[in-house]
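Everything below concerns the one structure shown next.
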Amino acid sequence: MAVTIEELYRNYGILADAKPEDLSQHKDAYQGILDGVKGGPKEKRLAAQFIPKFFSSFPELADAAINAQLDLCEDEDVSIRRQAIKELPRFAAGENIVRVADILTQLLQTDDSAEFNQVNTALVSIFKMDAKATLGGLFSQILQGEDIVRERAIKFLSIKLKTMPEDAMTKEVEDYIFTETKKVLEDVTGEEFVLLMRILMVLKGLQTMSGRQQLVELVVEQAFLEQALNPADPDTVDRLLQCTRQALPLFSKNVHSTRFVTYFCDHVLPNLSSLTSPVAELDIQLEVLKLLAEMSPFCGDMEKVETNLTMLFEKLLELMPLPPEAEGENGENTLSDEPKLQFSYVECLLFSFHQLGKKLPDFLIDKINAERLKDFKIRLQYFARGLQVYIRQLRVALQGKTGDALKTEENKIKVVALKITNNINVLIKDLFHNPPSYKSTVTLSWKPVQKAEAVQLVSSKSSDKTPLDKRDARQIYNPPSGKYSATIGNFSNEQRGGFRGGRGRGFGGRGGRSRGRIY
């Protein structure tokens with residue numbers, strides 16, 4: 001026979017009036033409250049509130065009480081579920097915390113937004129009670145739960161962990177997070193990898209130099225830098241992009257990018273033209289070159305610095321054409337046949353070459369024969385003349401424009417184009433020094449510009465002129481308009497598009513997962 005409202009209140013009264021030391025004598029009254037989960041909606045709502053209130057007084061009925069509350073958490077009536085979930089943290093004591101955390105983590109799969117927020121609030125509440133035990137429940141589901149539960153548990157940690165009070169995030173707790181996350185990283189998708197790295201990056205213990213080095217080691221493991229690159233496989237290419245993006249913020253003068261830079265020179269640059277983009281609209285070659293450029297200042301000692309510089313040198317030769325003949329056989333101008341200058345690509349390659357060149361400053365003098373060096377300088381001169389014309393055109397187009405006028409798409413592109421051409425101009429001037437110099441500093445065009453540099457961008461100075469060999473003077477190249485796409489300045493360390501195919505591809509196929517609740 002179903003329990004009535006009156007019976008629930010009577011049993012509640014018995015327990016509420018009893019002295020704390022006498023509560024255990026009223027086991028039947030508490031059992032009557034547990035039976036309320038079999039009643040109607042009103043009885044269930046009362047049971048959801050009464051069960052946790054006296055839970056700690058009846059340890060012999062602990063399992064029955066938790067199971068009764070769980071029945072209410074799965075009720076068809078969303079208001080009953082919300083009430084039951086709201087009270088779940090009151091069961092979180094001692095060894096029950098891990099179980100309650102596990103239950104709440106599974107409840108993250110709800111599609112009801114209010115219920116989902118209630119679960120989040122409950123998880124945060126018990127995290128503050130016992131962080132490590134709560135994490136035990138969360139990671140249990142991340143490692144063994146359903147895909148949707150795993151996904152939402154990882155997102156919960158990536159969002160909430162940085163908001164937790166400092167006293168909850170002890171060294172023991174941080175060490176536990178690091179250990180468990182390493183287990184999860186053995187089998188992840190691209191999106192999961194990004195979120196897990198975000199989790200680790202908020203840990204205080206990993207914000208030291210040694211901590212960042214540990215994170216770099218984790219990324220290196222994920223990047224498979226010991227394997228050759230298959231440029232035709234978009235998943236393999238995407239893995240490398242994702243890993244490099246995650247590693248970039250970690251690099252510094254003490255945490256080196258050497259292994260990544262070497263891998264790019266050994267395996268990526270030789271296959272640059274055959275790389276398969278994981279995202280249709282992504283210029284994969286430019287993306288790769290930007291990543292290489294951003295990493296190059298943080299490169300440490302290299303075993304193969306000459307080999308790597310040679311690869312960059314060869315790529316520059318490919319992208320910096322020889323000047324065309326000024327006249328055709330009949331004395332006609334052939335400027336229409338002039339090659340297209342890839343300013344964005346050249347900025348990245350020149351910057352990388354300039355950075356690695358500091359490690360072997362005699363490279364262009366001792367390692368390159370005279371004929372090749374002469375050929376290289378002719379290409380630099382030709383490129384530099386094209387730059388001068390284009391820089392003047394851009395400055396005229398942007399002159400007097402401020403505020404909103406510079407925010408139009410067309411002018412945004414021109415501003416970035418001016419940054420690119422100015423950067424190339426500065427780097428070329430360094431290489432024309434005798435001997436070549438590697439002292440100039442530029443900010444890559446897609447990075448924030450300092451105020452001093454911003455002023456320089458819009459001012460025209462005589463020093464902009466690049467040294468040219470007057471004996472080899474040729475007609476100045478006038479770059480056509482529309483040189484740059486609308487995405488020229490866009491670059492982010494965040495993932496783009498995730499790994500194709502979800503788990504099973506990309507970062508590795510996750511094995512079969514259990515289904516159904518495992519309370």
Sidechain N-carboxylate O distance under 4.0 Å for [X], [Y]:
X	Y	value
Lys447	Glu294	yes
Glu318	Lys315	yes
Glu174	Lys171	no
Lys290	Glu287	no
Lys155	Glu151	yes
Glu314	Arg372	yes
Arg379	Asp375	yes
Asp301	Lys359	no

Do [X] and [Y] touch side chain to side chain, with heavy atoms closer than 4.5 Å?
X	Y	answer
Val124	Phe156	yes
Val219	Phe193	yes
Ile368	Phe376	no
Asn422	Lys419	no
Ser344	Ile420	yes

Phe178 backbone acceptor or donor facing Thr181 side chain under 3.5 Å: no
Check against ring pair (Phe, Tyr, Trp, His ring centres under 6.0 Å), Tyr438 and His354: CA-CA 6 Å; Tyr438 300 93; His354 192 266; 5.6 Å; yes
Criterion side chain to side chain donor-acceptor pair (under 3.5 Å) on Asn411 and Thr408, from CA distance to verdict: CA-CA 5 Å; Asn411 284 333; Thr408 65; 3.2 Å; yes
Option among Asn425, Ile424, Leu319 that satisfies the side chain to side chain contact (heavy atoms under 4.5 Å, CB included) test with Phe383: Ile424
Glu146 and Arg152: CA distance, side-chain angles, deciding distance, salt bridge (Lys or Arg N to Asp or Glu O under 4.0 Å) verdict: CA-CA 10 Å; Glu146 295 184 55; Arg152 292 185 179 181; over 6 Å; no
Qualifying residues under salt bridge (Lys or Arg N to Asp or Glu O under 4.0 Å), relative to Asp430, sequence neighbours excluded: none
Lys407: salt bridge (Lys or Arg N to Asp or Glu O under 4.0 Å) partners, not counting sequence neighbours: Asp404
Criterion salt bridge (Lys or Arg N to Asp or Glu O under 4.0 Å) on Lys374 and Glu371, from CA distance to verdict: CA-CA 5 Å; Lys374 180 181 178 182; Glu371 282 301 313; 5.6 Å; no
Check against side-chain contact (heavy atoms from CB on, under 4.5 Å), Tyr176 and Glu172: CA-CA 6 Å; Tyr176 181 76; Glu172 182 185 9; 5.8 Å; no
Stepwise salt bridge (Lys or Arg N to Asp or Glu O under 4.0 Å) test for Lys304 and Asp266: CA-CA 10 Å; Lys304 304 194 300 181; Asp266 283 350; 2.5 Å; yes
Verdict with reasoning, Gln242 to Gln246, per side chain to side chain donor-acceptor pair (under 3.5 Å): CA-CA 6 Å; Gln242 298 278 36; Gln246 293 307 307; 5.3 Å; no
Salt bridge (Lys or Arg N to Asp or Glu O under 4.0 Å) between Glu410 and Lys414, worked out: CA-CA 6 Å; Glu410 182 181 355; Lys414 288 177 180 177; 3.1 Å; yes
Atom of [X], atom of [Y] and distance for their closest heavy-atom approach:
X	Y	result
Val202	Gln207	O-NE2, 3.3 Å
Asn423	Thr443	ND2-O, 2.8 Å
Phe351	Ala293	CE2-O, 3.2 Å

Under 3.5 Å side-chain donor-acceptor pair for Gln285 and Ser273: no
Nearest-0.5 Å distance that lies between atom NZ in Lys183 and atom CD1 in Ile142: 12.0 Å
